[in-house]
Novice: 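Got a structure for you, questions after.
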Number of protein chains: 2
Amino acid sequence: MEKPLSPRSAAKRTAMLDAAQACFLESGYASTSVDEVATRAGVSKATIYAHFASKDDLFGAIICRRCDDQAEGLSSLSLPDSSDARTILTAIAQRLMALFVSPEVMGIYRIVIAEAPRYPELAKTWYEAGPLRGKQRLCDVFDDMKRRGLLDFDDTRRTVDAFVGMLRGECFHRVMIELPPNPHFSAEATIETAVNFALKAFAPTA
Amino acid sequence: MEKPLSPRSAAKRTAMLDAAQACFLESGYASTSVDEVATRAGVSKATIYAHFASKDDLFGAIICRRCDDQAEGLSSLSLPDSSDARTILTAIAQRLMALFVSPEVMGIYRIVIAEAPRYPELAKTWYEAGPLRGKQRLCDVFDDMKRRGLLDFDDTRRTVDAFVGMLRGECFHRVMIELPPNPHFSAEATIETAVNFALKAFAPTA
DNA sequence: CACAAACTAAACTGCTTAGTTTAGTTTGTG
DNA sequence: CACAAACTAAACTAAGCAGTTTAGTTTGTG
């Protein structure tokens with residue numbers, strides 16, 4: 001339903017989005033000026049306003065692009081074909097944790113949270129394209145493990161929600177507010193605790 | 001090590017901090033002007049600059065005051081004197097969840113996250129006075145439960161971290177980015193899932 | 001090469017903001 | 001009531017910013 005868009009334009013557009021994303025992640029939305037974005041993108045300010053109606057519109061375009069990326073990234077997230085619950089859960093937790101603390105995902109997370117009260121629809125779009133879709137995929141994996149007798153639990157969605165939540169502890173928060181890491185709460189330790197926790201709670205009794 | 005401060009001054013100071021906090025929580029740091037704060041506090045702008053060296057300084061004073069409040073609030077957090085693990089864990093989870101989603105705590109959380117990259121020491125101060133101290137208190141409670149044979153686990157801090165993490169799931173995120181609540185992930189359901197999870201994993205075997 | 005679309009640098013408008021200054025007023029205290 | 005500290009309203013400086021305009025340049029295409 002959209003643009004053929006000449007190759008030259010497309011390249012500029014990408015450069016602008018990349019630059020804007022970098023600026024916003026570094027300095028936040030309000031503290032980033034359109035001139036900065038233009039300079040960083042190697043583009044004139046007039047060009048930015050030829051592509052985007054306003055600074056808000058540019059912000060929206062960035063979030064939407066990230067949503068598309070997330071959708072792609074999720075479908076390529078493959079898991080080991082193991083029949084050991086610990087192996088699978090650990091692999092899931094490692095991938096999730098790596099995602100959560102990656103600078104890009106963390107940066108978007110920070111900025112969406114900060115701007116959510118003023119851009120509720122954007123926050124909604126991001127949340128549904130990212131965390132919600134991700135959890136849906138995890139539900140499929142958990143259901144599959146249940147079917148294979150590797151785990152036993154009642155409500156898949158709530159179980160997955162709790163499992164993912166355990167990964168957002170001290171370690172995650174320290175990255176989020178840029179505190180030095182605490183070795184007692186390393187990513188590995190957090191993952192191990194969560195997996196042990198889950199195995200104890202959901203090991204099949206039968 | 002500080003100021004006696006006349007009662008008149010102290011009242012104005014409080015009014016300024018209250019107004020500034022409300023403004024920052026509503027609109028974020030960058031989007032709030034000092035004039036707005038002055039108007040809201042019923043105070044002249046000159047008075048603000050008589051009390052605080054800069055807008056940054058004002059921001060810092062707010063975070064510090066919240067830290068003091070948190071420290072007080074935590075020590076008055078009393079728990080039921082029960083010998084049933086479920087009762088105690090549920091009470092803990094309810095209090096934590098109520099705290100997490102309260103507008104004031106949520107507002108500070110959002111703003112600290114958003115501004116953390118630019119105010120790392122403030123974020124650190126806040127984190128240590130709030131979440132970290134809170135978890136320390138929880139560790140005491142968990143240790144006590146272990147001593148009384150109500151729970152069994154290895155590493156207290158990691159266990160508490162995981163338990164608290166489970167409360168920061170879908171429900172919490174929806175509040176954070178102001179999405180309408182999902183009945184399947186109500187606060188009550190989240191608490192129940194987390195408590196069931198913990199009881200299964202940490203019920204004493206002996 | 002001619003033409004149109006997309007771009008550029010730079011100046012410009014109009015507005016907002018942090019922070020200061022001034023000149024005068026309120027308020028508690030002796 | 002006299003005095004000093006704290007306050008006030010309002011004007012002011014200096015800077016930054018979103019967004020526009022202008023006049024001219026690059027670039028792919030027929």
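We name chains A, B, ... by the order of the sequence lines, and we start the count at 1 in each one. Everything numeric here is computed off the predicted structure, so don't read it as measured data.
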Novice: Measuring from the side chain of E36(B) (C-beta onward, heavy atoms only), which nucleotide among dC7(C), dT8(D), dT17(C) has the closest atom?
Specialist: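 Closest nucleotide to the E36(B) side chain: dT17(C).
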Novice: Between Q21(A) and E104(A), is there a side-chain heavy-atom distance shorter than 4.5 Å?
Specialist: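 Side-chain contact under 4.5 Å: yes.
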Novice: What nucleic acid atoms does T32(A) come within less than 4.0 Å of, heavy atoms only: base, sugar-phosphate, or nothing?
Specialist: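 Since only primed, P, OP1 and OP2 atoms lie under 4.0 Å of T32(A), the category is sugar-phosphate.
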Novice: Is any side-chain nitrogen or oxygen of S54(A) closer than 4.0 Å to OP1 or OP2 of dA18(D)?
Specialist: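 So the side-chain polar atoms of S54(A) never come under 4.0 Å of the phosphate oxygens OP1 or OP2 of dA18(D).
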Novice: With nearest nucleotides of DNA chain D determined for K55(A) and T47(B) from heavy-atom distances, which residue corresponds to the more 5′ nucleotide?
Specialist: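 Mapping each residue to its closest nucleotide by heavy atoms, the 5'-most match is T47(B).
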Novice: How about H184(B) and R157(A): do any of their side-chain heavy atoms sit closer than 4.5 Å?
Specialist: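 Yes, close enough: below the 4.5 Å cut-off.
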Novice: Could you tell me whether a side-chain N or O of T90(B) sits under 3.5 Å from a main-chain N or O of T87(B), the two making a donor and an acceptor?
Specialist: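 Checking the backbone N and O of T87(B) against the side chain of T90(B), no donor-acceptor pair under 3.5 Å is found.
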Novice: Between P on dA6(C) and CE on M16(A), what's the gap in Å once rounded to a whole number?
Specialist: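 Going from M16(A) (CE) to dA6(C) (P), I get 12 Å.
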Novice: Hunt down the Watson-Crick or G-U wobble partner of dA18(C), both distances under 3.5 Å, from any strand shown, or write none.
Specialist: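 dT13(D) - that is the nucleotide pairing with dA18(C), both distances being under 3.5 Å.
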Novice: With respect to the phosphate group of dC7(C), does any side-chain polar atom (N or O) of H51(A) fall under 4.0 Å of OP1 or OP2?
Specialist: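 Yes, because at least one side-chain N or O of H51(A) sits under 4.0 Å from OP1 or OP2 of dC7(C).
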Novice: Specify the separation, in whole Å, of atom CD1 of I48(B) and atom C1' of dA9(D).
Specialist: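 So the CD1-C1' distance, I48(B) to dA9(D), works out to 14 Å.
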Novice: How long is the line joining CZ of F24(A) and P of dC17(D), in whole Å?
Specialist: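 So the two atoms are 12 Å apart, to the nearest Å.
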Novice: Quick one, K200(B) and N196(B) - any side-chain contact, counting heavy atoms below 4.5 Å?
Specialist: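 No; the side chains remain at least 4.5 Å from each other.
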Novice: Please report the distance, rounded to the nearest Å, between OH in Y29(A) and C1' in dC17(D).
Specialist: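 The answer, rounded to whole Å, is 12 Å.
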Novice: Side chain of Y119(B), backbone of V112(B): donor and acceptor closer than 3.5 Å?
Specialist: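 Side chain of Y119(B) to backbone of V112(B), a donor-acceptor pair under 3.5 Å: no, none is there.
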Novice: For dA10(C), which nucleotide is its Watson-Crick or G-U wobble mate, given both distances must be under 3.5 Å?
Specialist: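 dA10(C) is paired with dT21(D).
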Novice: What is the nucleic acid contact for S44(B), judged by heavy atoms within less than 4.0 Å: base, sugar-phosphate only, or nothing?
Specialist: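 Base contact.
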Novice: I'd like to know if K45(B) reaches the base of dG19(C) with its side chain, counting only an N/O donor and acceptor under 3.5 Å.
Specialist: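 Per atom types, the contact qualifies.
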Novice: Across the strands shown, which category fits A46(B) at heavy-atom distances under 4.0 angstrom: base, sugar-phosphate, nothing?
Specialist: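 The residue A46(B) makes base contact.
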Novice: Could you check how far CZ of R13(A) sits from P of dA6(C), rounded to whole Å?
Specialist: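 It is 13 Å, rounded to the nearest whole Å.
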Novice: Roughly how many Å is it from CG in D35(A) to C1' in dT20(D), rounded to a whole number?
Specialist: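 The answer, rounded to whole Å, is 13 Å.
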Novice: With the side chain of Y49(B) defined as its heavy atoms from C-beta on, choose the nearest nucleotide among dA18(D), dA9(D), dT20(C).
Specialist: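 It is dT20(C).
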Novice: If I take atom CG in residue D56(A) and atom C1' in nucleotide dG19(D), what distance separates them, rounded to the nearest angstrom?
Specialist: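 Those two atoms, CG and C1', are 13 Å apart.
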Novice: Paired with dA2(D): which nucleotide, if any, by Watson-Crick or G-U wobble criteria at under 3.5 Å for both distances?
Specialist: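 Answer to the pairing question: dT29(C), which forms a Watson-Crick or G-U pair with dA2(D).
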